[in-house]
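Take a look at the structure below.
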Amino acid sequence: ENHAGVRFPWSCASSRPFFSAHFHKNNLCFEKKGGLVMSNNDVPIWEKYTLTIEEASKYFRIGENKLRRLAEENPNAGKKVILFSDSRQGAARIAKDLTDASDKNLTSKILVIAAHELQEWAEDTGGRATLRRLYPAFLKVLHDKKVSVFSGESKKVIEDRIIDLKEDFDDYEYSAEDSGAPPEAYMEYMLSILCDRYHSLSDSTVAWLKPTAKAWRDTKRILSKANVKMSQEEFEAIFYAWSSYALVRLTALDPDIPPKVRMRILYTGSQYGLLPSEPFKGQKKGRGSLVGLLESRYSAEEMKAITEALVKFLDRPSTGSREHHFISTTKVTLFVDPDADWMSCPRCGRTAPYSLWGLCPHCKQGEMVSMDGDYEGVAFWRDPLVRAIEGDDEVLRTRINTEEHTAQLSHKDQESDTWSTTEEYEMRFQDVFVGENREPVDVLSCTTTMEVGIDIGSLTAVGLRN
């Protein structure tokens, strides 16, 4: 019985299989284990390594649609890898890190698709594509693309919310109010993707945070009262420079994210958020001072109005310490535009969709240069995101499930357990169905003393790390 709950004649959990099966999008790959001999008018089946979906359907008398669905549900196409580390701690650490890295990578693609669809919905209906509404849009993409992400409690929360909201996904205004609090994994990865010091969506020249249309109207009223002459693009450039620092250095986004999640992004002891009385914390002094640059162009009264306008984007948490504020998710949007006039700074190497009167919004010293469509330096991160936006679902088939396989896990957690933890991982590594909500294992992270005689099936690669 495979992980989707369909029993095949060549494999079961209680005996050695006649064939091991690898699911590919268009082909099913089989390796003969012995005992089953059939004939075919063209080429004998035992001489074939691969079967097409049509051949497998006729041979095993299983519907083509079901086989195609099974192939889609096993996106890694049966590729299996073992990684050897020289310590149990190293094996455990890389097992967690690989899964986390693949989840973050997949989440970034889902987020840009969701933000792009939300953007299109706002343009068509006149609605507001706020960051707060990104979560239900994220759920909708997972449902539409049939993609699974996260693990444990976060995965369960996601699946339950999709069931509750799938009839109302097209109404982002309703679903945003009824989607409930996102799971911690969503908060962590969203924060990590937007606040990453080197590889944020902005660094990938794909998307960035900008004020909503309503937030700009409110800002314009504040500036007008002080007779500050500033275009929308000028304010967005100032907001980009100010918020970029606050995101990377202070994770000052979304007041509803608890401190324990922020601690996973910034080291313990860091300040999270901004004080309304000090919105330019860390940006006042030095050659790269944002305040210094603004004061060279605006009077004290004008600076007071600009400061007031920026503070309006901050909101305080509903629980816990309420001194530090965070950028409100109702006043900003994740704006997706990989075709914008992206610029790079030859001094610090950073990229941005804006300049501060020709200067870099990050270092405030280098003169920005248009990239003019040359994204070779960021192509590794940019291209998969652009392909996701353009509808290439293949880039979504990248999640890697890694588990630790060491002697410390070779026991049964409960007396009623049928298998030990390592035995269960071994079977999941071979795509054997062992229970609901237990996905196939793609990578086993082991120590170099892995026991002889363990049946782990066929391998694609073996990695050694010391």
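Hydrogens, waters and symmetry mates play no part in the numbers below; they use all other heavy atoms, side chains included. Treat the numbers as computed from the prediction; the structure is a model and nothing was measured. Sequential numbering from 1 along the given sequence is applied to the chain's residues.
- Ser102 is listed as a side-chain neighbour of Arg399, based on a closest heavy-atom distance under 4.5 Å.
- The side-chain contact (heavy atoms from CB on, under 4.5 Å) search around Thr447 returns Arg88, Ala91, Thr406, Thr449, not counting sequence neighbours.
- For Ala352, the side-chain contact (heavy atoms from CB on, under 4.5 Å) test picks out Tyr240, Pro361, His362, Met368, with sequence neighbours left out.
- Ion pairing between a basic and an acidic side chain is recognised when a charged N comes within 4.0 Å of a carboxylate O; Lys104 and Asp196 show such pairing.
- Taking Val81 as the reference, Leu83, Val443, Ala461 meet the side-chain contact (heavy atoms from CB on, under 4.5 Å) condition, with sequence neighbours excluded.
- Screening residues 376-390 for salt bridge (Lys or Arg N to Asp or Glu O under 4.0 Å), with sequence neighbours left out, gives Arg387-Asp392.
- Looking only at side-chain heavy atoms (C-beta outward), Tyr189 and Ile110 stay at 4.5 Å or farther from each other.
- The side-chain heavy atoms of Thr130 and Lys331, taken from C-beta on, include no pair separated by under 4.5 Å.
- Inspection of the Thr330 and Ser328 side chains reveals an N or O donor paired with an N or O acceptor under 3.5 Å.
- Annotation: side chain of Leu191 is in contact with side chain of Leu253 (closest heavy-atom distance under 4.5 Å).
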Per-pair distances, 0.1 Å, donor-acceptor, side chain in residues 152-159, under 3.5 Å, sequence neighbours excluded:
from, atom 1, to, atom 2, distance (Å)
Ser154, OG, Ala185, N, 3.3
Lys155, NZ, Glu439, OE2, 3.2
Lys156, NZ, Asp160, OD2, 3.1

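- In terms of the salt bridge (Lys or Arg N to Asp or Glu O under 4.0 Å) criterion, residue partners of Glu424 (sequence neighbours excluded) are, by chain and number, Arg428, Arg438.
- Between the side chains of Trp342 and Tyr375, not a single donor N or O lies within less than 3.5 Å of an accepting N or O.
- Cation-pi contact between Arg262 and Phe326: present, with separation from the ring centre below 6.0 Å and deviation from the ring axis of at most 45°.
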